[in-house]
K.L.:
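Could you have a look at this structure, given as structure tokens, before my questions?
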Amino acid sequence: MIIEPRTRGFICLTAHPKGCEKNVMDQIEYVKSKGAIDGAKKVLVIGASTGFGLASRITSAFGSGAATIGVYFEKPPSEKRPASPGWYNTAAFEKEAHKEGLYAKSINGDAFSNEIKQQTLDLIKADLGQIDMVIYSLASPVRTHPDTGVRYKSVLKPIGGKFENKTVDFHTGKVSNVSIEPAQGDDIENTVAVMGGEDWKMWIDQLQKEGLLADGFTTIAYSYIGPSLTEAVYRKGTIGRAKDHLEATAFTISDSLKAVDGKAYVSVNKALVTQASSAIPVIPLYISLLYKVMKEKGIHEGCIEQIQRLFQDRLYVENTPTDEQGRIRIDDWEMREDVQARVSELWAEATSETLPEIGDLKGYEKDFFNLFGFKVDGVDYDEDVNEIVEIPGLQ
Ligand code: NAI
Ligand code: NA
């Protein structure tokens, strides 16, 4: 079939297998071009199919020659409908990994559930024995608690007062004012239940209990801070509470890992266009200004550049540098004073009329479509493609 983008709000309902494959190939090429990283050799990536998790899997495999198991939640293709992008990404990744003789298998299902955890543990036991790294990169709006069956929904709301600021609809370029009512009731605890650290700790505890963690084991999860512009709705909002919890959980996990001389890290990453971030109000306007400024300064990075640098310059060096709160910072270029000062100036000037000039709306839009395999350079979209693609290592 000929597959075209069909968008609804900040999601795209279709994905292009060739475009997704090209994205993965480009990321693999990038990692190879940066040389070998002396990193982990047996890696489990939870949230492995898109965004930072996919970049982490690619960097582990093609930077360090790691065997990887990926866990993700993606829709398979059917005769009527293409798959979700992470399906095609994983298919391309595993095909390339296998070509190079690298072990790569995956499990598609709800990572929050006991069933998927058990299936993953069994696979590790059977194939790898032990693992030396877990990358935790889930982004989900909902979580069903495995013990209670309660289904939690996360919300993106400010805390304490109403949030009013500018936002942009990146499809139309229209800048408007948005007003978001503050969290109420169980909003905070629900968001923490979904995006906080409880599930991360459950994974590590279960792996450890079954003796599947190698000596010197490391685990890492991803967080975000961002500027004062987005603070009320992000870091000081409901999602920020979840990130506080995730960051605190790193210490709890590190304590329990003492027996295997292990450590848990959180890395604070840069704001980037992913399926997760497109859904957050105000963030797309911030990102379009940020991209413009960082590209002008020659310091723009995507997921793969971020994770490659994280592994090479932070994680796998003698003494991993952290901030006062023990977090790895790879958002250092985003948070540079000159970058943030310029973004603030542009923010004040941003209107529907000025944004095409002062912001990188085009870059935002291209990145957004690229997530689904569209508008990828070097892909012929007039070509008939087979939407039925198999993932070679899918269990
Ligand atoms: P993403 O949407 O690209 O990736 C989410 C991954 O989680 C996908 O592999 C998806 O299949 C998987 N997933 C979702 N629900 C699942 C479930 N129930 N079971 C199994 N797999 C499931 O998101 P992104 O942006 O890469 O986010 C990953 C982490 O990075 C998140 O913790 C996010 O907060 C963090 N982060 C994101 C930033 C951004 O600007 N995008 C900036 C800094 C941190
Ligand atoms: Na991810």
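Remember, it's 1-based here, ligands and their atoms both numbered in the order they're listed. The figures that follow rest on heavy atoms only: side chains count, while hydrogens, waters and symmetry mates do not. This is a predicted model, so every value here is computed, not measured.
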K.L.:
Does Thr59 reach the main-chain N or O of Ser56 with its side chain, forming a donor-acceptor pair under 3.5 Å?
P.N.:
no
K.L.:
Below 3.5 angstrom, do we get any N/O pair linking Phe52 and ligand 1?
P.N.:
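Between Phe52 and ligand 1 (N or O atoms, distance only) the closest approach is under 3.5 Å.
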K.L.:
Run the numbers for me: atoms of ligand 1, each under 4.0 Å from some heavy atom of Ala271, listed by number.
P.N.:
40 (O)
K.L.:
In this structure, does ligand 1 have an atom that sits under 4.0 Å from one of the heavy atoms of Arg143?
P.N.:
no
K.L.:
Hey, are the side chains of Gln306 and Glu334 touching, using non-hydrogen atoms and a 4.5 Å cut-off?
P.N.:
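Not in contact.
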K.L.:
May I ask you to check if ligand 1 and Ala111 share an N or O to N or O distance below 3.5 Å?
P.N.:
yes
K.L.:
Regarding ligand 1, does Tyr72 bring an N or O atom to under 3.5 Å of one of the ligand's N or O atoms?
P.N.:
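It does not: no N or O of Tyr72 is found under 3.5 Å from an N or O of ligand 1.
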K.L.:
Just checking, any donor-acceptor pair under 3.5 angstrom between side chains of Thr219 and Trp200?
P.N.:
yes
K.L.:
Just distances here: any N/O of Leu272 and N/O of ligand 1 closer than 3.5 Å?
P.N.:
yes
K.L.:
Number the atoms of ligand 1 from 1 as they appear, then name those within less than 4.0 Å of a heavy atom of Ser49, with their elements.
P.N.:
8 (C), 9 (O), 10 (C), 11 (O)
K.L.:
Establish, from distance only, whether the side-chain atoms of Tyr72 and Asn89 form a donor-acceptor pair under 3.5 Å.
P.N.:
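On atom types as modelled, these side chains do not qualify, holding no pair under 3.5 Å.
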K.L.:
Heavy-atom contacts with Ala48 under 4.0 Å: which atoms of ligand 1 show up? List them by number with element.
P.N.:
9 (O)
K.L.:
Working to the nearest 0.5 angstrom, can you tell me the gap between Gln27 CD and Lys32 NZ?
P.N.:
13.5 Å
K.L.:
Would Lys243 count as being in polar contact with ligand 1, using the rule that some N or O on each side must be under 3.5 angstrom apart?
P.N.:
yes
K.L.:
Classify the ring geometry between Phe369 and Phe374 as parallel (under 30°), tilted (30 to 60°) or perpendicular (over 60°).
P.N.:
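Ring orientation, 0 to 90° scale: perpendicular.
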K.L.:
Could you tell me the separation between the CE atom of Met195 and the NE2 atom of His245, rounded to the nearest 0.5 Å?
P.N.:
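Between atom CE of Met195 and atom NE2 of His245 there are 13.0 Å.
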K.L.:
Can you list the ligand 1 atoms lying under 4.0 Å from a non-hydrogen atom of Tyr222?
P.N.:
30 (O), 32 (O), 35 (C)
K.L.:
Does Thr274, backbone or side chain, put an N or O under 3.5 Å from an N or O of ligand 1?
P.N.:
yes
K.L.:
Which ligand 1 atoms, with their elements, are less than 4.0 angstrom from a heavy-atom of Ser137?
P.N.:
5 (C), 6 (C), 7 (O), 28 (C), 29 (C)
K.L.:
With a cut-off of 4.0 Å, which atoms of ligand 1 are near a heavy atom of Phe112?
P.N.:
18 (N)
K.L.:
What I want to know is whether Met195 and ligand 1 share at least one N or O pair that is separated by under 3.5 angstrom.
P.N.:
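For ligand 1, there is no N or O atom that lies under 3.5 Å from one belonging to Met195.
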K.L.:
Pull out every atom of ligand 1 sitting under 4.0 Å from any heavy atom of Ser140, numbered as shown with elements.
P.N.:
15 (N)
K.L.:
Identify which of Ala55, Gly51, Ser223 has a heavy atom lying nearest to atom 43 (C) of ligand 1.
P.N.:
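Considering heavy atoms of Ala55, Gly51, Ser223, the nearest to atom 43 (C) of ligand 1 sits in Ser223.
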K.L.:
Is there at least one pair of N or O atoms, one from Glu74 and one from ligand 1, spaced under 3.5 Å apart?
P.N.:
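Right, the criterion is met.
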K.L.:
Passes side-chain hydrogen bond (donor to acceptor under 3.5 Å, both in side chains), Ser84 versus Glu74? Steps please.
P.N.:
CA-CA 6 Å; Ser84 53; Glu74 300 291 343; 2.6 Å; yes
K.L.:
Could you tell me if Ser106 and Glu94 have a donor-acceptor pair between their side chains, going purely by distance under 3.5 Å?
P.N.:
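Yes, a side-chain donor-acceptor pair sits under 3.5 Å.
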K.L.:
Quick one: which ligand 1 atoms are inside 4.0 Å of a heavy atom on Asp110?
P.N.:
17 (C), 18 (N), 19 (N)
K.L.:
Do NZ/NE/NH1/NH2 and the carboxylate oxygens of Arg57 and Glu96 come within less than 4.0 Å?
P.N.:
no
K.L.:
Under a 4.5 Å side-chain heavy-atom rule over Ile, Leu, Val, Met, Phe, Trp and Tyr, are Met294 and Tyr364 clustered together?
P.N.:
yes
K.L.:
Can a salt bridge be assigned to the pair Glu383 and Lys18 using a cut-off of 4.0 Å between side-chain N and carboxylate O?
P.N.:
no
K.L.:
Any non-hydrogen atom of Cys303 lying under 4.0 Å from ligand 1?
P.N.:
no
